[in-house]
**Student:** 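One structure coming up, written as structure tokens, with questions to follow.
Below, chains carry the letters A, B, ... as their sequence lines are ordered, and counting in each starts from 1.
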2 protein chains.
Amino acid sequence: MPTPPRTSLPEIVAAGRSILEADGLGGLTMQRVAEEVGVRSPSLYKRVRSRGDLIGLIADSVADDLAATMDAAASDDDPEDDLRAIANAFRAFALAHPNGYALVFARLPEDARIDPERNARAAATLLRTAGRLAGPDDALAAARTVTAWAHGFVTMELAGAFRLGGDVDRAFAYGVDHLAGALESSGAPAPHVKAGRSQGHSEAR
Amino acid sequence: MPTPPRTSLPEIVAAGRSILEADGLGGLTMQRVAEEVGVRSPSLYKRVRSRGDLIGLIADSVADDLAATMDAAASDDDPEDDLRAIANAFRAFALAHPNGYALVFARLPEDARIDPERNARAAATLLRTAGRLAGPDDALAAARTVTAWAHGFVTMELAGAFRLGGDVDRAFAYGVDHLAGALESSGAPAPHVKAGRSQGHSEAR
DNA sequence: ACCTGAACACCGTTCAAGT
DNA sequence: ACCTGAACACCGTTCAAGT
């Protein structure tokens, strides 16, 4: 005799994500999730293969939001401004959702990885901006340089690894500015060189 | 009646580190460690406050090795060559010890963090090289930019996040070259400008 | 002083039994 | 078709009891 479902996969993922954000990966237990969606933990296995599977689904969900945030930050006007805006949005997202963010770049088991199309879509905005700065041939390498830097920076910031004093905000701005200058100078078509670049590295022409 | 110790803290840390490297953080159980050093798991708590504490000690140990590796890579000759050498050594270490490396930059609880002096010592080599490239005022921001980039890059590489094709080795080389160029151009004393810089970004002057 | 077995609270996961 | 209690194997950690 059929029984009506008492929860759903989206609800489970959403509950898992909010628990993760609140209490970290260690606090994300199947029992907490079950309690949150009003069910007993064995029932979760009707919609989810394992805790690892659930973690992968949460990572997908966060990755989508991060991609949307970066997308919204780009205006497709001046590429250097866009790079700065994307980087700032990226950092703000990571600082606002540290535990979810960590999952997006975590070393997950093969089957829990973010799927390829989602990955490509998430990379698209930055890839386009990087291509406009560094030229089509270097677009991928340039995008990887920027992503690596931004990810490394916020990861270290979240880990509390910047403990030598100094202004962390300034170090971030320093990084974007110098990366933008370095990538742009690397032989792209460089269609419109604006008169007043932002600051500090005008010698990099 | 006193009993002679059957193990020691260094032995425990070393065992934990080799288990971590072989089986990941999930495989690092107190029972596995105890078995490895020939004792029962409750005995470990004589030398270690908790599993988290042990993880912190392992992180310290790996951080020391990483710092030594970077130190050995620098020759204090041409700073750009040094930057490249340090970055390559950093990446090689991370790829060779992925699980231990992850711990060094992990978001550990406050009390398990790598201690400040160790942190400063680990940063010293790169800070010096960055200072020779970017000038004393920008040394810290420049070192942070390079460290963030290198850490982000290898983390993404280890996570399998580079899935858009392309040559990952080339992307790494591209990153060092452009970072070196960008930092150097940022207004340092720049004592000896070599005639033949490496490649590709000679327009960045 | 160090080590141990037993115990506790807590996991993820399975499964037979219920509706 | 979905949900549940009970059970299993496995954690980290504590502690009284042994030497």
Side-chain angles (χ1 to χ4, degrees), chain A residues 1-59 99 102-103 106-113, chain B residues 1-59 99 102-103 106-113:
Chain A
M1 206 129 294
T3 302
R6 213 163 297 177
T7 181
S8 67
L9 184 57
E11 196 192 8
I12 289 171
V13 173
R17 191 173 157 181
S18 94
I19 293 168
L20 169 78
E21 219 45 89
D23 297 333
L25 198 53
L28 181 69
T29 70
M30 297 305 268
Q31 316 203 14
R32 278 279 284 124
V33 174
E35 183 182 16
E36 197 76 11
V37 303
V39 103
R40 299 291 189 168
S41 64
S43 297
L44 297 178
Y45 293 85
K46 280 279 144 175
R47 342 241 172 212
V48 145
R49 199 157 21 206
S50 66
R51 178 175 180 265
D53 186 32
L54 174 57
I55 290 174
L57 293 172
I58 296 174
N99 292 320
L103 229 51
R107 213 146 42 101
L108 298 173
E110 185 68 53
D111 63 328
R113 295 260 176 87
Chain B
M1 205 133 292
T3 303
R6 215 164 294 178
T7 181
S8 66
L9 184 57
E11 195 191 7
I12 290 172
V13 173
R17 191 173 158 180
S18 94
I19 293 170
L20 170 77
E21 219 45 90
D23 297 333
L25 197 54
L28 181 68
T29 68
M30 297 303 269
Q31 316 201 15
R32 277 279 283 124
V33 174
E35 184 182 16
E36 198 76 10
V37 302
V39 103
R40 299 291 188 167
S41 63
S43 297
L44 297 178
Y45 293 84
K46 280 279 144 175
R47 341 244 172 209
V48 143
R49 198 156 23 202
S50 67
R51 179 175 178 265
D53 185 34
L54 173 57
I55 290 175
L57 293 172
I58 296 175
N99 293 321
L103 229 51
R107 212 145 44 101
L108 298 173
E110 186 67 54
D111 62 328
R113 295 262 176 86

**Student:** Any strand is fair game: report the nucleotide pairing with D:dC15 by Watson-Crick or G-U wobble, both distances under 3.5 Å, or none.
**Tutor:** C:dG5
**Student:** Quick check for you: to the nearest 0.5 Å, what is the distance between A:Leu103 atom CG and A:Leu25 atom CG?
**Tutor:** 6.0 Å
**Student:** I need the OH-C1' distance between B:Tyr45 and C:dC3, as an integer number of Å.
**Tutor:** 15 Å
**Student:** By nearest heavy atom, map B:Pro42 and B:Pro4 onto DNA chain C; which one lands nearer the 5' end?
**Tutor:** B:Pro4
**Student:** Round to the nearest Å and state the distance from B:Glu35 atom CD to D:dC11 atom P.
**Tutor:** 10 Å
**Student:** To the nearest Å, give me how far apart CD (A:Gln31) and P (C:dA9) are.
**Tutor:** 14 Å
**Student:** If you take all heavy atoms of A:Arg51 and A:Leu28, which pair is closest and at what distance?
**Tutor:** NE-O, 2.9 Å
**Student:** Quickly work out the A:Leu54 CG to C:dG12 C1' distance and round it to whole Å.
**Tutor:** 12 Å
**Student:** It should be established whether B:Arg32 places a side-chain nitrogen or oxygen under 4.0 Å from OP1 or OP2 of nucleotide D:dC11.
**Tutor:** no
**Student:** So what does A:Ser50 hit on the nucleic acid, given a heavy-atom distance under 4.0 Å: a base, only sugar-phosphate, or nothing?
**Tutor:** sugar-phosphate
**Student:** To the nearest 0.5 Å, what is the distance between CZ (A:Arg49) and CG (A:Leu57)?
**Tutor:** 9.0 Å
**Student:** In this structure, how many angstroms lie between the C1' atom of C:dC2 and the CD atom of B:Glu11, rounded?
**Tutor:** 15 Å
**Student:** Any idea which of D:dT4, D:dC2, C:dC2 is nearest the A:Thr3 side chain?
**Tutor:** D:dC2
**Student:** Report the distance from atom CZ of A:Arg40 to atom C1' of C:dT19, rounded to the nearest whole Å.
**Tutor:** 16 Å
**Student:** Would you mind pulling out the nucleotide paired to D:dC10, Watson-Crick or G-U wobble, both distances under 3.5 Å?
**Tutor:** none
**Student:** Counting any heavy atom closer than 4.0 Å, what does B:Arg47 reach on the DNA or RNA strands: base, sugar-phosphate only, or nothing?
**Tutor:** sugar-phosphate
**Student:** Treating B:Arg40 as the side-chain partner and B:Ala34 as the backbone partner, does any N or O pair qualify as donor plus acceptor under 3.5 Å?
**Tutor:** no
**Student:** At 4.0 Å (heavy atoms only), tell me whether B:Thr29 reaches a base, stays on the sugar-phosphate, or touches nothing.
**Tutor:** sugar-phosphate
**Student:** Whole angstrom is fine here: how far is it from CZ in A:Arg51 over to P in D:dA9?
**Tutor:** 22 Å
**Student:** Please give, in whole Å, the distance from D:dA1 C1' to A:Lys46 NZ?
**Tutor:** 7 Å
**Student:** Considering non-hydrogen atoms only, spot the tightest contact between B:Glu11 and B:Val37 and give its length.
**Tutor:** O-CG1, 3.9 Å
**Student:** Base, sugar-phosphate, or nothing for B:Thr7, non-hydrogen atoms under 4.0 angstrom?
**Tutor:** sugar-phosphate
